[in-house]
Amino acid sequence: MGLFRRLSATISSTVEQAVTRVENHDAIVAAAIKSTQSNAAKAKVRLARVQKDGEVLRTRSKELQTAERTWGERAKACAESDKEKALECIKRRKVARGQLTKIQESLVRHSELEAQVLDTLKKIESRLLDMKQQRNMMRSRESVADAMRIITDIDGAAVNDIDETFDRWEILITESELCSNSLHPVDVLDADFQQSEDRLELEAELDSLLHDKEGHHDNDNSIQ
């Protein structure tokens, strides 16, 4: 029996881990948020109905209070002149008072129900906000984790593959440059001599220009 329990626990744990790896957490959370939003919408509609019913009860309560006072005043007004009429007014007053008592009891229960629905709605909205914030946080953490995993792969076992990719890329570019004759190796020694020779040529041209200028001055002096 003990072996069977251990095997069952191991199998259950393995299945749970497999399900955890396969399930789309974002989709599950999105479905939960959608369901919670639906419940919040229903709660708002029910709260609106309850509040409307409360307004009806409060309006009716005020009407009955007014009716009770009115029938009492009528009873006083006709008590001496018409006792039977005054008694009928008292009877109407009692009916209004009885109805008022029932309405007030209903208002007490209704206020409790309204408070309960409102509290439930606040809890649903608070839970909905928490789920949205937690989902955003988990998405951010997952994005960072994915980026770090890629970096780790590059810095770890896959670094050789990346280096080889760069090498192949460079070879391809070099081959293209050779084919288009755009790759010209620089001969440093030849460039050095070329620079010196260019300078000597420029200096010779400068000397020639200066000598020509002096020759013109001598010719001008001899003419004078």
Side-chain angles (χ1 to χ4, degrees), residues 1 5 8-9 11-146:
M1 192 67 177
R5 288 180 179 177
S8 298
I11 293 172
S12 299
S13 176
T14 303
V15 171
E16 183 178 356
Q17 291 176 1
V19 171
T20 300
R21 287 193 297 268
V22 171
E23 68 182 5
N24 188 337
H25 301 91
D26 198 351
I28 294 174
V29 172
I33 290 176
K34 184 177 181 181
S35 177
T36 305
Q37 287 175 331
S38 177
N39 290 333
K42 292 177 182 178
K44 286 182 179 179
V45 172
R46 290 171 183 171
L47 178 61
R49 290 176 181 174
V50 170
Q51 291 173 337
K52 185 176 180 180
D53 291 342
E55 289 297 324
V56 172
L57 289 174
R58 281 186 283 272
T59 299
R60 181 57 179 162
S61 176
K62 291 178 181 179
E63 291 174 351
L64 290 172
Q65 289 174 2
T66 301
E68 184 184 11
R69 287 194 302 270
T70 299
W71 288 116
E73 292 172 356
R74 288 172 178 175
K76 290 179 183 179
C78 64
E80 294 182 359
S81 59
D82 192 342
K83 187 175 182 180
E84 292 298 325
K85 194 173 183 179
L87 291 174
E88 186 63 26
C89 290
I90 294 296
K91 183 178 180 180
R92 300 285 183 88
R93 181 185 176 211
K94 288 181 65 178
V95 172
R97 180 178 295 174
Q99 292 178 350
L100 179 60
T101 300
K102 293 180 180 180
I103 290 292
Q104 289 176 339
E105 291 174 354
S106 297
L107 271 173
V108 171
R109 294 193 299 269
H110 187 275
S111 296
E112 294 175 353
L113 176 61
E114 183 176 345
Q116 183 180 359
V117 174
L118 182 60
D119 181 66
T120 301
L121 177 59
K122 289 180 178 179
K123 289 180 180 178
I124 292 174
E125 291 177 337
S126 177
R127 179 55 180 157
L128 179 61
L129 179 61
D130 289 341
M131 284 194 296
K132 288 182 176 180
Q133 291 176 341
Q134 191 170 5
R135 178 188 62 179
N136 294 337
M137 182 183 67
M138 297 301 290
R139 283 177 173 176
S140 299
R141 288 179 59 190
E142 185 176 27
S143 298
V144 172
D146 289 341

Student: Checking Arg49 now: which residues fulfil salt bridge (charged side-chain N to carboxylate O under 4.0 Å, His left out) with it, not counting sequence neighbours?
Tutor: none

Student: How would you list, by chain and number, every residue that makes a side chain to side chain donor-acceptor pair (under 3.5 Å) with Glu73, sequence neighbours excluded?
Tutor: none

Student: Is any side-chain heavy atom of Leu87 less than 4.5 Å from a side-chain heavy atom of Lys91?
Tutor: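 Side-chain contact under 4.5 Å: no.
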
Student: So, using side chain to side chain contact (heavy atoms under 4.5 Å, CB included) as the criterion, who are the partners of Lys85 when residues are at least two apart?
Tutor: Cys78, Asp82

Student: How long is the straight-line distance from CD1 of Ile33 back to OG of Ser38, given to the nearest 0.5 Å?
Tutor: 13.5 Å

Student: Say you draw a straight line from CG of Leu64 to CZ of Arg93; how long is it, rounded to the nearest 0.5 Å?
Tutor: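 Between Leu64 CG and Arg93 CZ, I get 13.5 Å after rounding to 0.5 Å.
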
Student: What residues, two or more places apart in sequence or in another chain, satisfy salt bridge (charged side-chain N to carboxylate O under 4.0 Å, His left out) together with Lys123?
Tutor: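 Asp119.
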
Student: Restricting to side chain to side chain donor-acceptor pair (under 3.5 Å), what partner residues turn up for Lys83, sequence neighbours left out?
Tutor: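 Expected list: none.
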
Student: Filter on salt bridge (charged side-chain N to carboxylate O under 4.0 Å, His left out), then keep only pairs touching residues 30-47, sequence neighbours left out; what's left?
Tutor: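 Checked against salt bridge (charged side-chain N to carboxylate O under 4.0 Å, His left out) - neighbours excluded - the pairs reaching residues 30-47 are Lys44-Glu125.
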
Student: Can you tell me how far CG of Asp53 sits from CZ of Arg58, rounded to the nearest 0.5 angstrom?
Tutor: 10.0 Å

Student: What distance do Leu57 atom CG and Ser61 atom OG have between them, rounded to the nearest 0.5 Å?
Tutor: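 One finds 8.5 Å between CG of Leu57 and OG of Ser61.
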
Student: So, Ser35 side chain and Ala31 main chain: donor-acceptor pair closer than 3.5 Å or not?
Tutor: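 Checking the backbone N and O of Ala31 against the side chain of Ser35, no donor-acceptor pair under 3.5 Å is found.
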
Student: Residues two or more places apart in sequence or in another chain: which of them pass side chain to side chain contact (heavy atoms under 4.5 Å, CB included) with Arg74?
Tutor: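 So Arg74 forms a side chain to side chain contact (heavy atoms under 4.5 Å, CB included) with Thr70, Trp71, Cys89.
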
Student: Arg135: what forms a side chain to side chain donor-acceptor pair (under 3.5 Å) with it, not counting sequence neighbours?
Tutor: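 Applying side chain to side chain donor-acceptor pair (under 3.5 Å) to Arg135 gives none.
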
Student: Could I get the full list of side chain to side chain contact (heavy atoms under 4.5 Å, CB included) partners for Gln133, not counting sequence neighbours?
Tutor: Leu129, Asp130

Student: Going by the rule salt bridge (charged side-chain N to carboxylate O under 4.0 Å, His left out), which residues pair with Arg60 if we only count those two or more places apart in sequence or in a different chain?
Tutor: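 Arg60: salt bridge (charged side-chain N to carboxylate O under 4.0 Å, His left out) contacts with Glu63.
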
Student: List the atom of Ala75, the atom of Ile90, and the distance in Å for their closest heavy-atom pair.
Tutor: CB-CD1, 3.5 Å

Student: Using residues 102-113 as the side-chain source, report each donor-acceptor pair under 3.5 Å to any protein atom, sequence neighbours left out, with the distance given to one decimal.
Tutor:
| from | atom 1 | to | atom 2 | distance (Å) |
| --- | --- | --- | --- | --- |
| Ser106 | OG | Lys102 | O | 3.1 |
| Ser106 | OG | Arg109 | NH2 | 3.4 |
| His110 | NE2 | Val50 | O | 2.6 |
| His110 | NE2 | Gly54 | N | 3.2 |
| Ser111 | OG | Leu107 | O | 2.8 |

Student: Quick one: does Met131's side chain get under 4.5 Å of Gln134's, heavy atoms only?
Tutor: no

Student: Name all residues meeting the salt bridge (charged side-chain N to carboxylate O under 4.0 Å, His left out) criterion together with Arg139; count only those two or more places apart in sequence or in a different chain, and write none if there are none.
Tutor: Asp26

